Novice: 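The structure that follows is given in the form of C-alpha cells.
Bear in mind the structure is a predicted one, so any value in this text is a computation, not a measurement.
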Amino acid sequence: MGWKENWKKPNQTYRILQQLIRERYQIVQQRTIAKNHLQAEKSEAFPNSGSVKRITELIKFFNKQEQEVKKKFQ
C-alpha cells in the first residue's frame, strides 16, 4: 500500500488558509522592498519628492492589503 492510497484531498479551509498565508507573505515582501527603496531614496543627496510620495503611497497600499488579508483569518 503506497502513499497514493492514503492521500486525501486537503480540506477546503486548509487550502484557503494556505492561500491567505502565501498572499500575506508576498505582500510583506513587496512592502519590505518598497520600504528599502524609500530609505534609499531619502538618503540620496537630492531625494526626488515625487518618488518619495509615490513610494509612501505604495507602502500604505501594502499596509491596507495586509489588513484585508488578516481580516480573512478571523
Side-chain angles (χ1 to χ4, degrees):
M1 188 147 113
W3 65 270
K4 289 182 182 180
E5 290 82 18
N6 293 327
W7 184 84
K8 292 181 183 176
K9 186 176 178 179
N11 182 314
Q12 176 78 7
T13 304
Y14 177 73
R15 189 178 61 76
I16 291 170
L17 184 60
Q18 275 187 315
Q19 290 172 335
L20 289 171
I21 290 169
R22 186 178 309 116
E23 183 180 357
R24 182 183 174 275
Y25 176 79
Q26 290 173 346
I27 291 167
V28 169
Q29 292 297 310
Q30 291 173 325
R31 183 178 59 206
T32 300
I33 291 168
K35 285 182 175 183
N36 289 341
H37 188 182
L38 179 62
Q39 180 61 34
E41 186 64 42
K42 285 182 172 181
S43 67
E44 291 285 327
F46 302 102
N48 183 319
S49 60
S51 291
V52 169
K53 182 179 177 183
R54 285 186 295 277
I55 297 166
T56 301
E57 290 300 316
L58 186 59
I59 292 168
K60 288 179 186 177
F61 172 76
F62 289 137
N63 289 338
K64 181 180 175 189
Q65 291 293 306
E66 183 185 17
Q67 290 306 313
E68 289 179 18
V69 171
K70 281 183 174 181
K71 285 180 187 175
K72 301 279 185 178
F73 283 111
Q74 300 172 354

Novice: How long is the straight-line distance from CD1 of Ile27 back to NZ of Lys70, given to the nearest 0.5 Å?
Specialist: 10.5 Å
Novice: Where do Ile59 and Leu38 come nearest, in terms of heavy atoms and distance?
Specialist: CD1-CD2, 3.7 Å
Novice: Under a single-linkage definition using a 4.5 Å side-chain heavy-atom cutoff for Ile, Leu, Val, Met, Phe, Trp and Tyr, are Tyr25 and Ile16 assigned to the same hydrophobic cluster?
Specialist: no
Novice: I need the Gln65 CD to Gln26 CD distance, nearest 0.5 Å.
Specialist: 12.0 Å
Novice: Could you pull out the closest heavy-atom pair between Ile55 and Ala34, with the gap in Å?
Specialist: CG2-O, 3.3 Å
Novice: Please step through side-chain hydrogen bond (donor to acceptor under 3.5 Å, both in side chains) for the pair Gln19 and Arg22, ending with a clear verdict.
Specialist: CA-CA 5 Å; Gln19 290 172 335; Arg22 186 178 309 116; over 6 Å; no
Novice: Taking atom CZ of Phe73 as the centre, does the number of heavy atoms from other residues, nucleotides or ligands within less than 6.0 Å exceed 12?
Specialist: yes
Novice: Under a 4.5 Å side-chain heavy-atom rule over Ile, Leu, Val, Met, Phe, Trp and Tyr, are Phe62 and Val69 clustered together?
Specialist: yes
Novice: Mind checking what makes side chain to side chain donor-acceptor pair (under 3.5 Å) contact with Glu66, not counting sequence neighbours?
Specialist: Arg24, Arg31
Novice: Rounded to the nearest 0.5 Å, how far apart are OG1 of Thr32 and NZ of Lys35?
Specialist: 6.5 Å
Novice: Side chains of Arg15 and Gln12: is there a donor and an acceptor less than 3.5 Å apart?
Specialist: yes
Novice: Holding to side chain to side chain donor-acceptor pair (under 3.5 Å), I want the full list of residues that pass it with Gln67, two or more places apart in sequence or in another chain.
Specialist: none
Novice: List the residues meeting salt bridge (charged side-chain N to carboxylate O under 4.0 Å, His left out) with Lys60, not counting sequence neighbours, and say none if there are none.
Specialist: Glu57
Novice: Working to the nearest 0.5 Å, report the span between NZ of Lys42 and OG of Ser51.
Specialist: 12.5 Å
Novice: What is the distance from atom CD of Glu68 to atom NZ of Lys64, rounded to the nearest 0.5 Å?
Specialist: 5.5 Å
